[in-house]
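A note on names: the letters A, B, ... follow the listed sequences, proteins ahead of strands, and every chain is numbered from 1.
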Protein chains: 2
Amino acid sequence: MRGLGLCRILIDAGIEAPLSNRPPVAQFERNAAARRRVFRAKEQSGSVPVICDGWATVVEYLPSGRRQILSFLLPGDLVSTNILFENRICHDVEAVTAVCHRTFDRAGLWETVVARPEVLESFVKNCVAEKHRHDELILDLGRRKAKQRIARLILELTSRLAVHRAVRSQTFNFPLRQTHVADALGLTAPYVNQVLKAFRKRRLIKLEKRSLTILDGAKLHRMIDE
Amino acid sequence: MRGLGLCRILIDAGIEAPLSNRPPVAQFERNAAARRRVFRAKEQSGSVPVICDGWATVVEYLPSGRRQILSFLLPGDLVSTNILFENRICHDVEAVTAVCHRTFDRAGLWETVVARPEVLESFVKNCVAEKHRHDELILDLGRRKAKQRIARLILELTSRLAVHRAVRSQTFNFPLRQTHVADALGLTAPYVNQVLKAFRKRRLIKLEKRSLTILDGAKLHRMIDE
DNA sequence: CGGCGGATTGAGTGCTCTCAACAGGAGTGG
DNA sequence: CCACTCCTGTTGAGAGCACTCAATCCGCCG
């Protein structure tokens, strides 16, 4: 599935300044294999990366080696909304599946955002949505139980994918490993496994061969606020 | 202590459009008593609130009644950086101490931010800092132990207050109750108490009569990455 | 077939919570 | 000025959610 949303808009706006003197558009895209690091956190970078295809994570490692996933990046997502304001990438980005991405020039992007109302609106929506997701994540980590966090993650991903028409009859491609879920929700893989097992037994979801089906979305929803 | 930073800049910029036809500047400020709700999350609001004096929290309640503090607001802080993009307040704001605040008109604020480079820079810095704090909070909640979270909170507040010259020889006014600390860090008040007791016994901090002194900042720092 | 990444499972542990009860201080009304 | 109440801090016993640390298994791929 190709990325829609902001990515499409930006590409349509044709703002790839730093690379635009090179010939074919296709070359602007880069690929990263599954499980590889796509970007390394670094100082100074004039580029704004966008995921065109595949799933990725924004991650941070503690000195102890523990990993926390700050957010999942789906096709069309800006790596970080803040990147428009900062001239550096703050966190590593790791591919979940094979990932296709491209980078935009920040200065050019900023001009476009300010100049074109439809791009600005799209960008602002993006900002707000990302902030909202982070707030909910804080609620999850701070005050919700493991099964509530997992239920919410599933529903959140569903609704994000639905925007991209990637959900058919409550079923969608689910490339996350249990370690991804664990590291995103402040849990451990074995415990995630246990909860997912319970979800399956209670016929809330079906999850096999990287395909997730929501069998009882209503019950999942109710579960969040128990 | 009066608020500096963004608040000062905004006031100096004189952008209080919706109220500017009323006579004395002092009237633009509102007060809220300690422990009271300052703002309620609501749809549609053209105003951008700023804390001029006192401490407040941005909070969210779960249906179960559990509370999560999303951030602490110190003098000079915008209630939410996102508020410039959204036309509503997303979360309740509760006063910790008595709070003095004022509201700016979003449209006017936006114009000023775009028009004045120094205001834009200040705003961008604010955005980035807030994002960074939220990322760290997610790391805390997801992957750090209670004592590490508390150590980090103390150090973070210290450095934020230091900007306002509110720290004298490692000592500053600390109005937070243990329930605030607990609800901010995903813990419970009795457990926070236990950890603070340990901190005191190990001579890391001194905390009495709403006054906090950092006795061994180096050790607190080291503790975070254990 | 061997090896790797990942899923599953289990036993044992511990960090943190829940639920109390109680104490002290600060304000408040009588 | 005292009784009273509301907060807040403190402390303890007991419980449980989730972790740690394995071991094992499975599917896939070279």
*Which whole-number value in Å describes the distance from B:L212 CG to D:dG9 P?*
13 Å

*Heavy-atom pair with the smallest gap, counting every atom of B:A56 and B:V99*: CB-CG2, 4.2 Å

*Find out whether A:I89 and A:I83 are in side-chain contact, i.e. whether some heavy atom of one side chain is under 4.5 Å from a heavy atom of the other.*
yes

*Taking everything shown except B:R36 itself, do over 12 heavy atoms lie less than 6.0 Å from its CZ?*
no

*Presence of salt bridge, B:D216 and B:R203, under 4.0 angstrom*: no

*Output every pair passing side chain to side chain donor-acceptor pair (under 3.5 Å) with a member in residues 171-183 of chain A, not counting sequence neighbours, ordered by first then second residue.*
A:R67-A:D183, A:T171-A:T213, A:Q178-A:N193, A:D183-B:R143

*asked:* Checking A:E130 now: which residues fulfil side chain to side chain donor-acceptor pair (under 3.5 Å) with it, not counting sequence neighbours?
replied: A:T81

*Is the shortest heavy-atom distance from the side chain of B:R106 to the side chain of B:N87 under 4.5 Å?*
yes

*Are any non-hydrogen side-chain atoms of A:L137 and B:I138 less than 4.5 angstrom apart?*
yes

*How would you label the contact of A:R149 with the nucleic acid (heavy atoms, under 4.0 Å): base, sugar-phosphate, or nothing?*
nothing

*First contact, last contact: which nucleotides of DNA chain C are these for chain B, 5' to 3', heavy-atom distance under 4.0 Å?*
C:dC15 to C:dC19

*Interface with DNA chain C, restricted to residues 189-201 of chain A and to heavy atoms under 4.0 Å*: A:P190, A:N193, A:K197, A:R200

Detail all sub-3.5 Å separations between protein N/O atoms and N/O atoms belonging to nucleotides 5-8 of chain D.
{"from": "D:dT8", "atom 1": "OP1", "to": "B:R35", "atom 2": "NE", "distance (Å)": "3.4"}

*Using the closest heavy atom to pick a nucleotide of DNA chain D for each, name whichever of A:T188 or A:K209 lands nearer the 5' end.*
A:T188

_Contacts of type salt bridge (Lys or Arg N to Asp or Glu O under 4.0 Å), residue B:K197, not counting sequence neighbours_ = none

*In Å, rounded to the nearest 0.5 Å, how long is the span from CD of A:E156 to CD of A:E136?*
8.0 Å

